[in-house]
Participant: 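Dropping a structure here in C-alpha cells format, bear with me for questions.
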Amino acid sequence: MRSPTPLARLADLMFRRRRLVVAPWLLVLVAAVGAAGQRGGDWSAAYSTPGSESRAAPDRLTERFPGQTSQTIDVVWSAADARDASDRVEPLLAQAQRLEGVGDGVTAADAQLSPDGRVAFVRLPIDGRDAEDVPLSSGEALIELAQEASGDGLRVELGGMAIRNAEQTEVSSEGIGLLVAAAVLILTFGSIVAAGLPLATALFGLGVSSALIALLSALLDVPDWAPSVAAMIGIGVGIDYALLILTRFRAALDRGLSPHGATVEAISTAGRSVLVAGTTVVISMLGLFLMGLTYLYGVALSASLAVLVVMAASVTLLPALLGFARGGVNRLRIGRAPRPRGDGRPPAAMRWSRLVQRRPW
C-alpha cells in the first residue's frame with residue numbers, strides 16, 4: 001500500500017484538527033492588523049526614472065514654468081465675459097483657500113484668460129508635498145463650492161489629482177471584484193455555501209496579507225497603490241485556488257467518498273496544482289526586481305505576500321472549513337437541483353470535451 005503524500009497528511013491533519021486550525025488563523029489576523037496599526041509605515045515611493053520621458057516632463061515644467069506644478073487644483077470658469085464673472089468666482093477661491101490642505105495667495109485677478117475672453121483659470125497650490133495631502137473632505141467641499149457658484153451663465157469646473165481622488169466612487173475595485181466573483185461562484189456551484197467557501201478563504205488571506213503589507217511599508221518604500229494591486233491579485237488567485245480544491249472535493253463526494261476522504265483527495269491532487277501555480281506567480285512577481293525601478297520593489301513584495309498567504313490558506317484553512325461543512329457544502333441551493341436525465345446520455349460539457357478531442361484541428 002502506497003504511503004500517504006505530505007499533502008495528504010496535511011489535509012488529514014487540517015480536517016481532524018479543524019478547530020485548532022481556524023483559531024490560529026483568527027489570531028494571526030488579529031495580531032497582524034494590530035501590529036500594522038501600531039508599526040505600519042507611510043506609503044511612499046520615488047518615481048524618478050532617470051532618462052525617461054516621465055522624468056523629463058516634470059523637469060521641463062519646472063524649468064519653463066517655475067512656481068507651477070502638476071500637484072495643483074485647477075479652477076476653470078467660463079462665461080460670456082470671464083473677466084466680469086471674476087467677482088462671482090472670488091468668494092469661491094477665498095473659501096477654497098481656507099480648506100485643509102489647500103494653499104493660499106491666489107485671487108481671481110491672477111487668472112489667465114483665453115484669447116476670446118470667455119474662459120479663465122487659476123491654479124490653487126497644494127499645502128503639502130502632493131495631492132494625497134489634501135483630505136477627501138476638502139476635495140468634496142471644493143466640488144460643492146463649484147456647483148454652488150455655477151449658474152446664470154457661469155460654469156465652474158475643477159481639475160487636479162485632489163479633485164479626482166474626491167470624485168472616486170466609495171465602492172472600491174476590490175469590493176466590485178468580490179461581488180462579481182460571488183455572482184460567478186453562485187452560478188457555477190448553484191449553492192451559497194459552496195460559493196462562500198472560496199470567498200471566505202480569499203478574504204481571510206486578503207486580511208492577513210493587507211496587514212503584512214502595511215508592516216512592509218515601514219521597512220521599504222511601498223507605493224500607496226501597491227495594496228490595491230496585491231488585493232486584486234490575491235482575490236483572483238485565492239478564489240481560483242479554492243475553486244480548484246472545492247471542485248475536486250465535490251466530485252469526490254459524488255463518487256461516494258466520505259467528507260474526510262474527499263478532503264484528502266482534493267488537497268492531494270488539486271492542492272499540488274495550487275502550490276505549483278502560486279509559486280509560479282510569486283516568481284513572476286519577483287521578476288519586477290529585474291526592471292531596476294525602486295518603486296516596483298514594494299509592489300513585487302506586496303503582491304508576492306498576498307499570493308503566499310492565500311496559497312497557505314487554500315491548503316490549510318480551506319480543508320478545515322471543509323471539515324465543518326462536510327456534506328452540507330451543497331446546502332442553500334439557488335434554483336432547482338438538476339433532474340437526472342434518465343436517458344444514459346453524458347452531460348453536455350462531457351460531450352463538448354469529446355468533440356474537441358476528436359477534432360483537435
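Any value given below was found using the heavy atoms of this structure, including those in side chains, with hydrogens, waters and symmetry copies removed.
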Participant: Flag the pair Ile267 / Phe249 as yes when at least one side-chain heavy-atom distance between them is below 4.5 Å, and no otherwise.
Facilitator: no
Participant: Could you tell me which residues satisfy side chain to side chain contact (heavy atoms under 4.5 Å, CB included) with Val30, sequence neighbours excluded, listed by chain and number?
Facilitator: none
Participant: For residues Leu318 and Tyr241, determine if any side-chain heavy atom of one lies less than 4.5 Å from a side-chain heavy atom of the other.
Facilitator: no
Participant: In chain order, what residues pass the side chain to side chain contact (heavy atoms under 4.5 Å, CB included) check against Val75, with sequence neighbours excluded?
Facilitator: Trp77, Leu92, Leu93, Val122, Leu124, Val156, Leu158
Participant: Output all residues satisfying side chain to side chain contact (heavy atoms under 4.5 Å, CB included) with Gln95, sequence neighbours left out; order by chain, then residue number.
Facilitator: Pro91, Arg98, Leu145
Participant: Which pairs, with at least one residue in residues 101-120 and sequence neighbours excluded, count as a salt bridge (Lys or Arg N to Asp or Glu O under 4.0 Å)?
Facilitator: none
Participant: Which residues, ordered by chain and number, are linked to Val76 in its hydrophobic cluster, where ILVMFWY side chains connect at heavy-atom gaps below 4.5 Å, directly or through other members?
Facilitator: Val119, Phe121
Participant: Kindly state each residue pair satisfying side-chain hydrogen bond (donor to acceptor under 3.5 Å, both in side chains) with at least one member in residues 298-313, sequence neighbours excluded.
Facilitator: none
Participant: Listing request: all salt bridge (Lys or Arg N to Asp or Glu O under 4.0 Å) pairs with a residue in residues 255-269, at least two apart in sequence or in separate chains.
Facilitator: Arg255-Glu265
Participant: How about Leu99 and Leu142: do any of their side-chain heavy atoms sit closer than 4.5 Å?
Facilitator: yes
Participant: Test of understanding: with ring-ring contact (aromatic ring centres under 6.0 Å, His included), list the residues that count as partners of Phe15, not counting sequence neighbours.
Facilitator: His260
Participant: Would you call Thr201 and Val310 a side-chain contact if the rule is heavy atoms closer than 4.5 Å?
Facilitator: no
Participant: Quick one: side chain to side chain contact (heavy atoms under 4.5 Å, CB included) partners of Leu355, sequence neighbours excluded?
Facilitator: Trp352, Arg358, Arg359
Participant: Please name all residues satisfying salt bridge (charged side-chain N to carboxylate O under 4.0 Å, His left out) with Asp74, sequence neighbours left out, ordered by chain then number.
Facilitator: Arg123
Participant: Shared ILVMFWY cluster between Val33 and Leu26, side chains joined below 4.5 angstrom?
Facilitator: yes
Participant: Considering only distance and modelled atom types, tabulate donor-acceptor pairs under 3.5 Å from the side chains of residues 270-291, sequence neighbours left out.
Facilitator:
| from | atom 1 | to | atom 2 | distance (Å) |
| --- | --- | --- | --- | --- |
| Arg272 | NH1 | Ser268 | O | 3.3 |
| Arg272 | NH2 | Ser268 | O | 3.2 |
| Thr279 | OG1 | Leu275 | O | 2.7 |
| Thr280 | OG1 | Val276 | O | 2.8 |
| Ser284 | OG | Thr280 | O | 2.9 |

Participant: Applying side-chain hydrogen bond (donor to acceptor under 3.5 Å, both in side chains), which residue pairs with at least one partner in residues 78-93 are found, sequence neighbours left out?
Facilitator: none
